[in-house]
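The structure under discussion appears below in the form of structure tokens.
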Amino acid sequence: MLAIFASWREYTRTARLTWNPALHTFRCRGDLRAVKFGYYILNTYVPELDGESPELYAHWLEQIDAAEDLGFDSLWITEHHFRNFGGMMPSPSVILAAAAQRTKKMRLGCAVSILPMHNPLRIAEEFAMVDLLSNGRLNFGAGRGMHPMEYAVFGYEWKNAQSRLPEALDIVIKAWTGGEFEWKGAHYQFPRLNVYPKPLQKPHPPIYVTANRDPESFQMIATRGHHLMTLPWIATNELQGSRVRQYQDVLRGAGHAVEERDVFVMYPVYVGAGDAQARAEVIEPWHRWRMFALEAMGLAATQDEAHQRVLNHLAYDAMVRDSRGVFGGPDTCAQILRKIIDLVGVTHIGLTFHFGGLSQKNVLKSMERFARQVRPAL
């Protein structure tokens, strides 16, 4: 036994392997086994293919059950409103509470709660409940969101949303960790009160915050010591990798341990039996997602240079060529993921399997191929 212990101790020293309680995993530089994989639901709703609301929700619950059974590390739920692009999932806390009762192992993540668009005390209450119902498995994600119209509908200002985000996060943390408090800030004022319930995780659940382009956002997240969420496939892996390194440099400068911070990313994925079959089965659903992206950017009805640039950038073959879409047979998908991990420096990858009206049968087959053939190859 002593010999085994000594060998393990020597291995951890030479491999620089450490147990990271904040990330619930062993971390080893250059070890792909340290990367976690999550099941990420961002629905691009195609009614004639996805069905009515009851059918769609039944499919999501079946996918969540499959993700748990197949060994995914986490589940991630988005928040969007009033559009087929994500709008069928307007309340992450509700679906996460349902998932908490169906799962035992997966971490349950919000990607993200549009925090500046809601009362932060209400968000603190709802997600503390999710943490309790899941026995302490919540990963809380927050961000500004995408659409000014949503803010107008809910009665909040879009123009100062990003500046309100840090203060709203401070309020959520205070609500989760303190007793009675009064708040008089630049953007929020609350009388003396106590927020119930408190989350199970102490001092509070892990906090993830989004940044994609703005250097000030990366700096804010790193200075505060939050985990990072970003979307490399919108730009390029190389560009986003440089932004991740800047985030990590600021983390170090602020006295935070880089090895204790997640770099969480999301990519679309389809694992077919082979490259040709994958392309045949998923190119149309992916290009439907591309049209949703054009609509979200206000470019769907135009035929100008910006429209063509996005159309080309998000074309199926360009996504595969640039390792921005995890599309292909198992070997190709494993190669793409290795490149993503190397270029971006990620620790946690959320994979979106269901998009653009892709059939439930093909979603589940793709999930199983990933779990049985792609992940073991890493």
Could you check if a side-chain atom of Phe218 sits within less than 4.5 angstrom of a side-chain atom of Thr230, using non-hydrogen atoms only? yes

Mind telling me whether Tyr39 and Phe353 have parallel, tilted or perpendicular rings, with 30° and 60° as the class edges? parallel

Strictly distance-based, threshold 3.5 Å: is any side-chain N or O of Ser366 a donor or acceptor partner for the main-chain N or O of Val363? no

Do other residues, nucleotides or ligands put more than 12 heavy atoms under 6.0 Å from Glu52 CD? no

Determine, step by step, whether Asp170 and Val172 satisfy the side chain to side chain contact (heavy atoms under 4.5 Å, CB included) criterion, reporting the C-alpha distance in whole Å, the side-chain angles of both residues, the deciding distance to 0.1 Å, and the verdict. CA-CA 6 Å; Asp170 287 338; Val172 170; over 6 Å; no

Can Met146 be reached from Ile234 by stepping across I, L, V, M, F, W or Y side chains whose heavy atoms are under 4.5 Å apart? yes

Compare every heavy atom of Met319 with every heavy atom of Leu314, then report the nearest pair and how far apart it is. O-CG, 3.8 Å

Looking only at heavy atoms, which two atoms of Ser217 and Gln162 are closest? And how far apart? OG-NE2, 3.4 Å

Hey, would you say the Phe85 and His80 ring centroids sit under 6.0 Å apart? yes

Side-chain donor/acceptor of Glu68 to backbone N/O of Lys104, under 3.5 Å: yes

Looking at every heavy atom in both Gly143 and Thr210, which two are closest together, and how far apart are they? CA-OG1, 3.5 Å

Just by modelled atom types, is the Ser74 backbone N or O under 3.5 Å from a matching donor or acceptor in the Arg107 side chain? no

How close do Tyr151 and Pro116 get, counting heavy atoms only, and between which atoms? OH-CB, 3.5 Å

From CA spacing to verdict: side-chain hydrogen bond (donor to acceptor under 3.5 Å, both in side chains), Gln248, Arg245: CA-CA 5 Å; Gln248 292 172 333; Arg245 289 188 291 275; over 6 Å; no

Checking His226 against Arg261: is there a side-chain donor and acceptor pair closer than 3.5 Å? no

Closer than 3.5 angstrom, by distance alone: can the side chain of His227 be matched with the main-chain N or O of Asp262 as a donor-acceptor pair? yes

ring-ring contact (aromatic ring centres under 6.0 Å, His included) partners of Phe264, counting only residues at least two apart: Trp76, His348

Consider only side-chain N and O atoms of Asp275 and Thr332, and report whether a donor and an acceptor are under 3.5 Å apart. yes

Quick one: do Glu125 and Arg122 make a salt bridge, cutoff under 4.0 Å? yes

Can any side-chain N or O of Asn237 pair as donor or acceptor with the backbone N or O of Leu343 at less than 3.5 Å? no

Give the minimum heavy-atom separation between Gln219 and Val250, together with the two atoms involved. O-CG1, 4.0 Å

Ion pair present between Asp249 and Arg252, side-chain N to carboxylate O less than 4.0 angstrom? yes

Using a strict threshold of under 4.0 Å (side-chain N to carboxylate O), is an ion pair present between Asp73 and Lys105? no

Verify the ring-centre separation between His147 and Phe82: is it less than 6.0 angstrom? no

Quick one: do Arg137 and Asp131 make a salt bridge, cutoff under 4.0 Å? no

Are side-chain N/O atoms of Asn194 and Tyr196 paired as donor and acceptor at under 3.5 Å? yes

Does Met89 belong to the same Ile/Leu/Val/Met/Phe/Trp/Tyr cluster as Met117, with side-chain heavy atoms less than 4.5 Å apart forming each link? no

By ring-ring contact (aromatic ring centres under 6.0 Å, His included), which residues pair with Phe140, not counting sequence neighbours? Phe127, Trp176

With a 4.5 Å cut-off on side-chain heavy atoms, are Pro120 and Leu115 touching? yes

For the residue pair Tyr188 and Phe190, does the interplanar ring angle fall in the parallel (under 30°), tilted (30 to 60°) or perpendicular (over 60°) class? parallel

Sidechain-backbone polar pair: Arg102 side chain, Ile64 backbone, donor-acceptor under 3.5 Å: no

Test your reading of the model: is there a side-chain donor-acceptor pair from Thr223 to the backbone of Met220, 3.5 Å cut-off? no

Glu284 CD: over 12 foreign heavy atoms closer than 6.0 Å: no

Does any non-hydrogen side-chain atom of Tyr267 lie less than 4.5 Å from one of Ile349? yes

Do Leu200 and Asn135 come close enough that some side-chain heavy atom pair is under 4.5 Å? yes

Just wondering, are more than 12 heavy atoms of other shown residues or ligands nearer than 6.0 Å to CE in Met129? no

Test log, rule salt bridge (charged side-chain N to carboxylate O under 4.0 Å, His left out), inputs Arg279 and Glu281: CA-CA 6 Å; Arg279 190 181 192 280; Glu281 291 175 345; over 6 Å; no

Any sub-3.5 Å donor-acceptor pair from Glu180's side-chain atoms to Arg192's backbone N or O? no

May I ask you to test the Asp317-Ile283 pair for a side-chain heavy-atom distance under 4.5 Å? no

Determine whether Thr347 and Ile341 satisfy the following criterion, side chain to side chain contact (heavy atoms under 4.5 Å, CB included), listing intermediate values before the conclusion. CA-CA 8 Å; Thr347 64; Ile341 293 165; over 6 Å; no

Check whether any side-chain N or O of Tyr316 sits under 3.5 Å from a backbone N or O of Phe327 as a donor-acceptor pair, and report yes or no. no

We want to know whether Arg338 and Gln335 form a side-chain donor-acceptor pair, criterion being a heavy-atom distance below 3.5 angstrom. no

Are the side chain of Tyr57 and the backbone N or O of Met88 linked by a donor-acceptor pair below 3.5 Å? yes

Can Trp158 and Glu150 be counted as having a side-chain donor-acceptor contact under 3.5 angstrom? no

For Arg375 and Val35, which heavy atoms make the closest approach, and how far apart are they? NH2-O, 4.0 Å

Sole residue of Lys365, Gln63, His354 in side chain to side chain donor-acceptor pair (under 3.5 Å) with Gln360: Gln63

For Arg369, side chain to side chain donor-acceptor pair (under 3.5 Å) partners two or more places apart: none

Report yes if the side chains of Leu133 and Gln101 come closer than 4.5 Å at any heavy-atom pair, otherwise no. yes

Does atom NZ of Lys202 have more than 12 heavy-atom neighbours, drawn from other residues, nucleotides or ligands, at distances under 6.0 Å? yes

Going through the checks in order, is the side chain to side chain contact (heavy atoms under 4.5 Å, CB included) test met by Cys110 and Ile77? CA-CA 5 Å; Cys110 176; Ile77 303 296; over 6 Å; no

Considering only heavy atoms from C-beta outward, does the side chain of Pro166 approach that of Arg224 to under 4.5 Å? yes

Student check: side-chain heavy atoms of Ile340 and Val326 closer than 4.5 Å: yes

Apply the test ring-ring contact (aromatic ring centres under 6.0 Å, His included) to residues Phe292 and Phe355: give CA-CA distance (whole Å), side-chain angles for both, the deciding distance (0.1 Å), then the verdict. CA-CA 10 Å; Phe292 282 109; Phe355 52 84; over 10 Å; no

Cut-off 3.5 Å, side chains only: do His118 and Glu79 have a donor facing an acceptor? yes

